[in-house]
Amino acid sequence: MSTYSTPLEILTSRLRQGIQEMGLPLDLGVVTSTANPRFGDYQTNAAMVAAKILQKNPRDLAREIIEHLQVDDCCEAPTIAGAGFINFSLSKAFLETQIRALSLDGRLGIAKTDHPKTIIIDFSSPNIAKPMHVGHIRSTILGESLARIARFLGHHVITDNHLGDWGTQFGKVIYGLKHLPAGKGLEEAPVQELVRLYREVTALEEQSPTLKAKVREELVKLQHGDQENLALWKKAVKLSWEEFEKHYELLQISFDERLGESFYHDALEPLVHRLLEQGIATKSEGAVVIFFPNHPAFHDKPFLIQKSDGAFLYGTTDIATLEYREARWHPDAVWYVCGSPQQLHFEQLFSVARILGLTSEFRHIAFGSILGEDRKMMKTRSGDNIELGSLLQEAIDRAYSIVQEKNPNFPEEEKQEIARIIGLGALKYADLMQHRMTDYLFSWEKMLSFQGNTAPYLQNAYVRIRSLLRKQETQDTHALGPMVLEEPTERSLALQLLQIGEIIPTLLEDARPNILCLALYELANKFHAFYEACPMLKAQESTKKSRLALAALTGRMLQTGLELLGIQVPERM
RNA sequence: GCGUCCGUAGCUCAGGGGAUAGAGCAGGGGAUUUCUAAUCCCUUGGUCGCAGGUUCAAAUCCUGCCGGACGCACCA
């Protein structure tokens with residue numbers, strides 16, 4: 001455990017001491033960073049809130065609070081402003097001490113949680129025999145980032161890719177494999193081939209009702225364990241997964257578990273039986289459903305768990321999954337990273353979980369859609385979903401041509417690696433920097449720009465730092481020693497570094513990596529300003545060491561922060 | 001019809017009880033014998049959809065309306 005305390009923690013605890021001496025309630029002791037530097041670095045509204053309770057003048061009360069504050073070791077004298085704000089400005093000596101401590105701390109001043117939880121994060125979840133497409137990227141990128149953040153904060157995280165590997169699509173696929181002429185060949189382009197079969201059989205079905213029955217028969221045979229169909233199903237799953245895995249490898253995303261729908265198949269029938277016996281589920285209009293008579297919003301919206309033809313639904317699998325996870329991991333929390341259109345489904349599912357007596361924290365981490373230039377859900381011109389593979393490749397290709405333009409002399413292999421890091425970094429960052437609930441407009445130009453809040457801008461700051469440090473004789477940045485904060489840009493950079501440690505522990509409260517993106521952008525921005533204003537290699541020895549130490553620390557922070565977003569950094573670009 | 005989410009600068013978006021509402025892009029003006037200018041500095045630009053209400057304080061919370069996206073029994 002780190003012994004480092006952030007400025008926010010120190011000021012908060014001092015404020016609470018003061019407030020306690022005055023006999024005021026402790027929960028008034030809230031300190032925040034200021035929105036605008038002209039009000040100092042931190043502020044508290046305690047006096048204004050207390051004034052309300054005590055029926056006193058807020059500015060008088062602020063004066064009284066300041067008299068009880070012991071902050072002379074870390075701030076200039078606190079000031080009173082506006083209606084009764086108390087503003088704190090950190091002293092130079094304190095900032096220097098703090099920033100030095102941060103640089104010596106292995107975790108960069110980012111505390112682990114005091115209450116580690118077991119958290120299951122369910123994300124990505126593509127459908128077998130269908131291509132991964134844009135609809136999966138937000139879940140995949142956001143889920144991975146949340147997993148990384150949660151782990152970094154000391155939680156026990158289990159990531160699970162709940163594959164759609166047992167749907168009705170297999171009736172069509174198996175029929176197609178058996179009866180339709182082979183196309184390109186399964187080995188060559190498996191998902192494409194499976195999709196082709198799926199589409200062709202769907203088209204044929206519309207012309208022939210008898211075919212529909214045959215397709216359905218294949219599905220039933222599969223579900224009853226027919227050897228031939230099972231073998232075909234296994235083959236389709238294997239080949240599809242291998243193609244998905246290429247995407248995950250490219251994105252550097254991995255899962256602890258890959259328990260798809262098929263894993264729960266045998267549990268569904270007994271589950272429905274049990275729910276019926278327990279009176280939790282009832283038969284209605286030929287189907288088996290769960291009603292929520294006491295739920296104000298869902299009293300007329302039942303949760304379907306068995307269709308009238310006997311087939312189970314994804315909701316059925318979800319309940320089985322809930323129970324399996326509970327039995328195996330006893331999670332404190334289960335998070336589903338899944339688009340907002342499925343909100344109703346998850347609210348119902350969580351209601352079922354409560355009926356079953358499960359007490360974990362269930363969260364649907366919803367997100368908006370990615371829109372194309374026409375402001376509609378992003379599609380190809382012909383109206384199909386854009387395949388993930390081609391999207392990733394385009395990101396890499398576009399980044400490659402920029403690298404090629406800027407640095408044609410880099411070795412070919414390095415250019416390709418840089419293109420991958422920049423292209424995919426840009427794609428991930430463009431997604432994560434948005435508030436997750438907003439539908440956002442997809443734009444290659446914006447995400448790959450080196451100006452503004454983009455991954456390449458942050459990566460470029462890192463690359464500048466690496467370039468400086470390479471020109472240093474010693475690579476031991478700790479040996480550079482303490483940092484002196486003379487220039488305004490040095491101070492402002494140091495403060496930003498300190499504040500990232502204050503932000504990261506809060507990211508999971510609302511599952512909002514965009515807050516980290518903004519903080520990292522500001523960090524890079526402040527570094528660039530510092531870089532312009534403060535020469536390093538040309539400075540005299542003591543200044544040079546100090547500034548390089550600040551730069552090195554910035555580099556570590558950028559790398560760590562980007563890593564939490566699942567984004568890599570290149571050495572040069 | 002019911003429900004969820006959204007409406008902030010010309011454009012793309014932050015901010016989700018606190019101070020004079022911010023950033024990027026675009027527009028205008030500057031900085032380069034480079035520590036990678038892939039950058040930095042300055043600047044123009046806003047009845048925060050509309051109307052009420054709560055509060056010492058509302059872009060933020062509540063109600064209604066207008067406009068948009070997405071859901072709402074046998075797909076996932």
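Below, chains carry the letters A, B, ... as their sequence lines are ordered, and counting in each starts from 1. As a basis for the values below, the full set of heavy atoms in this structure was taken, side chains included, without hydrogen atoms, waters or symmetry mates.
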Working for side-chain contact (heavy atoms from CB on, under 4.5 Å), residues A/Tyr462 and A/Leu562: CA-CA 10 Å; A/Tyr462 179 82; A/Leu562 286 169; 5.7 Å; no
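Here the straight-line distance linking atom CG of A/Leu259 with atom OG1 of A/Thr321 works out to 8.5 Å at 0.5 Å rounding.
Not one side-chain nitrogen or oxygen of A/Tyr198 sits closer than 4.0 Å to the OP1 or OP2 atom of B/C75. Close to B/C75, at under 4.0 Å from its OP1 or OP2, lies no side-chain N or O of A/Asn127.
The ring of A/Phe85 lies on top of the base of B/A19, close enough and flat enough: under 5.5 Å between centres, under 30° between planes. The aromatic ring of A/Tyr521 does not stack onto the base of B/A23, failing the criterion of a centre distance under 5.5 Å from the six-membered base ring together with planes under 30° apart.
Across all strands shown, A/Ser308 has heavy atoms under 4.0 Å from base atoms, whether or not it also approaches the sugar-phosphate.
Evaluation of the side chain to side chain donor-acceptor pair (under 3.5 Å) test over residues 28-53 of chain A, restricted to residues two or more places apart or in two chains, returns A/Asn36-A/Arg38, A/Asp41-A/Arg491, A/Tyr42-A/Gln499, A/Tyr42-A/Glu502, A/Gln43-A/Asn45.
In the interface, the side chain of A/Asn87 is paired with the base of B/A19 through a donor and an acceptor atom under 3.5 Å apart.
In A/Lys545, the NZ atom is not crowded: 12 or fewer heavy atoms of neighbouring residues, nucleotides or ligands sit closer than 6.0 Å.
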Name every donor-acceptor pair, under 3.5 Å, that has one atom in a side chain of residues 421-434 of chain A and the other anywhere in the protein, sequence neighbours excluded.
| from | atom 1 | to | atom 2 | distance (Å) |
| --- | --- | --- | --- | --- |
| A/Lys428 | NZ | A/Leu251 | O | 2.7 |
| A/Lys428 | NZ | A/Gly566 | O | 2.6 |
| A/Tyr429 | OH | A/Asn453 | OD1 | 2.4 |
| A/Tyr429 | OH | A/Cys517 | O | 3.0 |
| A/Asp431 | OD1 | A/Arg138 | NE | 3.3 |
| A/Asp431 | OD2 | A/Tyr440 | OH | 2.8 |

What's touching nucleotides 25-33 of chain B from the protein side, N or O pairs under 3.5 Å?
| from | atom 1 | to | atom 2 | distance (Å) |
| --- | --- | --- | --- | --- |
| B/C25 | OP1 | A/Gln451 | OE1 | 3.4 |

Mind listing the N/O atom pairs, protein and nucleotides 53-60 of chain B, below 3.5 Å?
none

Protein-to-nucleotide contact annotation, 5' to 3' order, nucleotides 2-14 of chain B [B base; S sugar-phosphate only; - none; under 4.0 Å, heavy atom]: B-S-------BSS
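Atom name C1', nucleotides B/U60 and B/A19: the rounded distance is 15 Å, in whole Å.
Judged by closest nucleotide on RNA chain B, A/Gln43 is the one of A/Gln43 and A/Gly164 placed further toward the 5' end.
Using bins of under 30°, 30° to 60° and over 60° for the plane-to-plane angle, the ring pair A/Phe346/A/Phe350 lands in the tilted bin.
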Pairing string, 5' to 3', for RNA chain B - Watson-Crick or wobble contacts under 3.5 Å, brackets [ ] where pairs cross, | to another strand: (((((.(..((((....[...)))).(((((.......))))).....(((((..]....)))))).)))))....
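Taking every side-chain heavy atom of A/Glu285 into account, B/A73 is the closest of B/C75, B/A73, B/U36.
B/U36 atom C1' lies 14 Å from atom OH of A/Tyr457, rounded to whole Å.
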